[in-house]
Amino acid sequence: MSFQSSALEMKPNWEAKWPVHRTLPAVQRWARLLLLSSGQARDMTEDRSDAVLLRRVADAMAPLGVECINPRLPLRVDGLSDSDEALISLRSDMAAHALARDPTYRTVVLAVSLGAQSAVELAVRRETAGLIDGLILVGGIFERPKAPVGRIRSIDLVYGGRDHVGYLRDGEEAVQDIEGPNDYGPRSQKQLVTGPGVQTALHVLPGLGHALEQSTDAAINHSAALDYLVPLLRDRLGLDPKT
């Protein structure tokens, strides 16, 4: 896979630290895919599981004529924001900047965990919602209503079956409630308020983890995730199955 990088132009001193990686399609470009990393990895060049997933998705989509756009995004440890809400907003701003070029191509956003929060934020903002046709949200949990607008026609929530989360009850310090994707998934789906003509779907992939990795002692394995995601992306990007 080959990369091009363009500098983020929001602040001059960020140009080297916050590039936007763009893969080059192996054939004529038909569509584009915006890839947003989690709160554990800044972009798909890193070695965290979600970064590896995004990198392998980009590898799989390049032969199909899909340009993958992957902005480098800050994490909590970078200290650029003082709350999770501010961090999500900043990451959303940076993702919006990366998305602004070539709005005529059919575009899907595939995002993992914290990145999924920014993906939905892009779909809510009128200035960016008109650039996006679909969202594929991996491991994203939504507790508050969000109303995507614009040209979005599909929202897919994708979870690994082994991705369990713990919740604190009010006034207690120890985790009391453990939920799996069959619990928080439908609740998250209901929080995404859509209009007529928008298809929403919930996918729970048995045996996979938070970033859709398979349980293994060897190298990070996403083969089952790719077998599921690539046909889904083909469909949501409107690609001919024979492409």
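Not measured: the values here are computed from a predicted model. All residue numbers refer to positions in the sequence shown, counting from 1. Heavy atoms only: backbone and side chains are in, while hydrogens, waters and symmetry mates are out.
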Between the main-chain N or O of [Y] and the side-chain N or O of [X], is there a donor-acceptor pair closer than 3.5 Å?
X	Y	result
Glu46	Met44	no
Asp183	Gly180	yes
Thr128	Leu122	yes
Arg151	Leu131	yes

Legend entry - From CA spacing to verdict: side-chain contact (heavy atoms from CB on, under 4.5 Å), Gln189, Leu157: CA-CA 7 Å; Gln189 186 177 11; Leu157 293 92; 4.3 Å; yes
Can you see whether [X] engages [Y] through a side-chain donor-acceptor pair at a distance of less than 3.5 angstrom?
X	Y	answer
Ser38	Ser113	no
Ser154	Gln199	no
Glu121	Ser89	no

Is there a path of hydrophobic side-chain contacts, each under 4.5 Å between heavy atoms, that joins [X] and [Y]?
X	Y	answer
Leu75	Val52	no
Leu73	Leu80	yes
Leu233	Trp30	yes
Ile88	Ile136	no
Leu87	Leu137	no

Mind checking whether [X] and [Y] have side chains closer than 4.5 Å, heavy atoms only?
X	Y	value
Leu202	Tyr159	yes
Ser37	Leu54	yes
Leu90	Glu85	no
Gln214	Ser223	yes
Gln117	Phe142	yes
Val109	Leu36	yes
Val204	Asn182	yes
Arg32	Leu99	yes

[atom1] of [X] to [atom2] of [Y]: how many Å apart, nearest 0.5 Å?
X	Y	atom1	atom2	value
His222	Arg55	NE2	CZ	10.0 Å
His21	Leu35	NE2	CG	11.0 Å
Arg162	Leu212	CZ	CG	10.0 Å
Glu67	Leu24	CD	CG	7.5 Å
Arg153	Ile132	CZ	CD1	13.0 Å
Met61	Leu33	CE	CG	6.5 Å

Inset, instruction - Check the pair Leu229, Leu53 against side-chain contact (heavy atoms from CB on, under 4.5 Å), reporting the backbone distance first and the verdict last. - result: CA-CA 10 Å; Leu229 288 177; Leu53 173 66; 4.1 Å; yes
Legend entry - Test log, rule salt bridge (Lys or Arg N to Asp or Glu O under 4.0 Å), inputs Arg236 and Asp156: CA-CA 10 Å; Arg236 301 304 188 247; Asp156 294 275; 2.7 Å; yes
Inset, instruction - Given side-chain contact (heavy atoms from CB on, under 4.5 Å), test Tyr105 with Asp133 step by step and report yes or no. - result: CA-CA 9 Å; Tyr105 286 95; Asp133 297 280; over 6 Å; no
Closest non-hydrogen atom pair between [X] and [Y], with its separation:
X	Y	value
Ala111	Ala119	CB-CB, 3.8 Å
Thr107	Leu237	C-CD2, 4.3 Å
Gly209	Asp163	C-CB, 4.3 Å
Pro63	Val27	O-CG2, 3.5 Å
Ile152	Pro148	CD1-CB, 4.1 Å
Ala95	Leu34	O-CD2, 4.3 Å

Inset, instruction - Dump the intermediate steps for side-chain contact (heavy atoms from CB on, under 4.5 Å) on Leu114 and Arg91, then the final yes or no. - result: CA-CA 9 Å; Leu114 190 68; Arg91 287 166 60 99; 3.8 Å; yes
Legend entry - Criterion side-chain contact (heavy atoms from CB on, under 4.5 Å) against Ser49, the qualifying member of Val112, Asn221, Ile220: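 Answer after filtering Val112, Asn221, Ile220: Ile220.
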Inset, instruction - Would you please indicate if the ring centroids of Tyr228 and His203 are separated by under 6.0 Å? - result: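 Distance test on ring centres: under 6.0 Å, yes.
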Inset, instruction - For a salt bridge (charged side-chain N to carboxylate O under 4.0 Å, His left out) with Asp43, tell me which candidate from Lys17, Arg72, Arg22 qualifies. - result: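 Among Lys17, Arg72, Arg22, the one meeting salt bridge (charged side-chain N to carboxylate O under 4.0 Å, His left out) with Asp43 is Arg72.
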